[in-house]
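See below for the structure under consideration.
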Amino acid sequence: MSTVNIPVLETKRLILRGPEPEDYPNFKATFASYRSRFMGGPLNAYETWMLYAAEIGHWNIRGYGMWMIHDKATDKTLGMAGGWFPAQWPEREIAWIIWPEKAGHGYALEATHAARRYFYDTLGWDSAVSYIDPKNLDSIRLAERLGATRDREAASVDGHDVVYRHPSVEALRTTQIGDAIEMEISHYADPMFTPKGYAID
């Protein structure tokens with residue numbers, strides 16, 4: 001059986017590595033919780049196991065997938081971010097999830113920004129979308145902070161999601177979107193920074 005060599009991505013605070021069996025307990029706890037309600041959950045033990053197996057297998061089938069987000073200082077897992085393109089998905093998706101107790105520290109923004117940069121710069125993607133439950137305001141806010149805008153013409157997965165299209169490679173290079181993202185990430189990395197208002201990933 002062939003296996004893909006999953007790249008490791010590193011940011012100021014994070015290390016993104018492929019999902020491993022030892023990472024499963026936090027994944028299971030999150031997808032069994034109310035946190036997963038916008039991603040088909042909460043799931044029972046069998047459904048969670050099958051989904052995690054799919055996360056690992058996706059790398060072998062597609063050559064890319066979801067990274068496990070690790071805190072660089074402690075190596076603890078914080079969530080997942082990366083690419084997702086199962087059968088019947090209209091387009092390649094950029095997706096993320098943060099464990100409930102780790103939300104509100106900018107981890108999803110930092111990890112997803114790094115993952116998207118890899119897909120664009122290394123794999124040559126020219127476009128990507130995120131399929132989001134319209135009630136999932138946290139993810140909609142994050143998509144917008146990543147520069148994504150709602151694409152009402154794009155096909156949805158099942159008619160119950162909204163589609164946010166990520167900015168192109170050219171847009172990230174020639175506009176202030178990329179700089180604004182980097183600036184926000186630097187704020188979250190500052191130990192003296194305290195976000196005001198609604199806690200967002």
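Throughout, residue positions are numbered sequentially from 1 according to the sequence presented.
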Exercise for review: Could you tell me whether a side-chain N or O of T74 sits under 3.5 Å from a main-chain N or O of K76, the two making a donor and an acceptor?
Suggested key: yes

Point to revise | Close side-chain approach of V169 and D126, heavy atoms under 4.5 Å | key: no

**Study point:** Evaluation steps, side-chain contact (heavy atoms from CB on, under 4.5 Å), between S139 and W96
**Key:** CA-CA 8 Å; S139 282; W96 54 82; 3.2 Å; yes

Exercise for review: Grab the two heavy atoms, one from A103 and one from I98, that are nearest each other, plus how far apart they are.
Suggested key: N-CG2, 3.7 Å

Review point. Taking a hydrophobic cluster as the set of Ile, Leu, Val, Met, Phe, Trp and Tyr residues connected by side-chain heavy atoms closer than 4.5 Å, whether directly or through intermediates, do Y118 and I15 fall within one such cluster?
Key: no

Check your understanding: When rounded to the nearest 0.5 angstrom, what is the spacing between CG in D158 and CD in Q88?
Key -> 10.5 Å

Point to revise | Cation over ring face, R92 and F85, 6.0 Å, 45° | key: no

Check your understanding: What about W125 and I181, same hydrophobic cluster or not, with Ile/Leu/Val/Met/Phe/Trp/Tyr joined at side-chain heavy-atom distances under 4.5 Å?
Key -> yes

Check your understanding: Would W67 and W59 count as a close aromatic pair, with their ring centres under 6.0 Å?
Key -> yes

Check your understanding: Do E182 and H113 meet the criterion of a side-chain donor-acceptor pair at a distance under 3.5 Å?
Key -> yes

Revision key, fill the gap. Residues P42 and S33: closest non-hydrogen pair is CG-O, 3.5 Å

Exercise for review: Just do the side-chain contact (heavy atoms from CB on, under 4.5 Å) check on I69 and L78 with the steps written out, would you?
Suggested key: CA-CA 5 Å; I69 306 168; L78 306 172; 4.1 Å; yes

Point to revise | Donor-acceptor contact present, side-chain R116 to main-chain L146, <3.5 Å | key: yes

Check your understanding: Does any N or O in the side chain of E47 come within less than 3.5 Å of the main-chain N or O of N44, such that one atom is a donor and the other an acceptor?
Key -> yes

Check your understanding: Is atom CD of E153 surrounded by more than 12 heavy atoms (other residues, nucleotides or ligands) closer than 6.0 Å?
Key -> no

Exercise for review: Treating Ile, Leu, Val, Met, Phe, Trp and Tyr as nodes and any side-chain heavy-atom pair under 4.5 angstrom as an edge, say whether Y107 and F38 lie in one connected cluster.
Suggested key: no

Practice item. Looking only at non-hydrogen atoms, find the nearest pair between L9 and A114 and report the distance. Key: CD1-O, 3.9 Å

Review point. How about W49 and F27: are their ring centres within less than 6.0 Å of each other?
Key: no

Point to revise | Shared hydrophobic cluster, L109 / M183 (ILVMFWY, side-chain heavy atoms < 4.5 Å) | key: no

Exercise for review: Show the numbers, then the answer: is there a side-chain contact (heavy atoms from CB on, under 4.5 Å) between R145 and E184?
Suggested key: CA-CA 9 Å; R145 286 157 59 217; E184 185 176 354; 2.6 Å; yes

Exercise for review: Check whether any side-chain heavy atom of D138 sits under 4.5 Å from a side-chain heavy atom of R141, and report yes or no.
Suggested key: yes

**Study point:** M80 CE to E55 CD distance, which is reported to the nearest 0.5 Å
**Key:** 4.0 Å

Practice item. Taking only Lys NZ, Arg NE, NH1 and NH2, and the carboxylate oxygens of Asp or Glu, determine whether R17 and E22 approach each other closer than 4.0 Å. Key: no

Point to revise | Heavy-atom side-chain proximity of P90 to S156 below 4.5 angstrom | key: no

Practice item. Could you check R173 against D121 for salt bridge (Lys or Arg N to Asp or Glu O under 4.0 Å), going step by step and ending with a plain yes or no? Key: CA-CA 11 Å; R173 289 175 179 167; D121 296 346; 3.5 Å; yes

Review point. Sub-3.5 Å donor-acceptor pair from the side chain of N26 to the main-chain atoms of D23, do we have one?
Key: no

Exercise for review: Count the heavy atoms of every other residue, nucleotide or ligand shown that sit under 6.0 Å from NZ of K72, and state whether that count exceeds 12.
Suggested key: yes

Practice item. Report whether M66 and W89 are members of the same hydrophobic cluster (ILVMFWY, side-chain heavy atoms less than 4.5 Å apart, transitive linking). Key: yes

Exercise for review: For W99 and T77, indicate whether the former's side chain and the latter's backbone hold a donor-acceptor pair under 3.5 Å.
Suggested key: yes

**Study point:** Whether Y52 and Y24 hold their rings parallel, tilted or perpendicular, with breakpoints at 30° and 60°
**Key:** tilted

Exercise for review: Looking only at non-hydrogen atoms, find the nearest pair between K102 and H105 and report the distance.
Suggested key: O-CD2, 3.3 Å

Point to revise | Point-to-point distance, once rounded to the nearest 0.5 Å, from CD of E20 to CD1 of I56 | key: 7.0 Å

Review point. Is there side-chain contact between I177 and L172, with heavy atoms separated by less than 4.5 Å?
Key: yes

Review point. Could you walk me through whether Y131 and Y164 pass the side-chain contact (heavy atoms from CB on, under 4.5 Å) check?
Key: CA-CA 7 Å; Y131 300 106; Y164 275 77; over 6 Å; no

Practice item. Taking all heavy atoms of A111 and all of L16, pick out the closest pair and write down the distance. Key: O-CD2, 3.7 Å

Point to revise | The single option from R165, E91, H166 passing side-chain hydrogen bond (donor to acceptor under 3.5 Å, both in side chains) against S130 | key: H166

Revision key, fill the gap. All heavy atoms of R62 vs all of A87, minimum pair found to be NH2-N, 4.1 Å

Practice item. Report the distance from atom OG1 of T112 to atom CZ of R117, rounding to the nearest 0.5 Å. Key: 11.5 Å

**Study point:** Check: W84 ring centroid to F119 ring centroid under 6.0 Å
**Key:** no

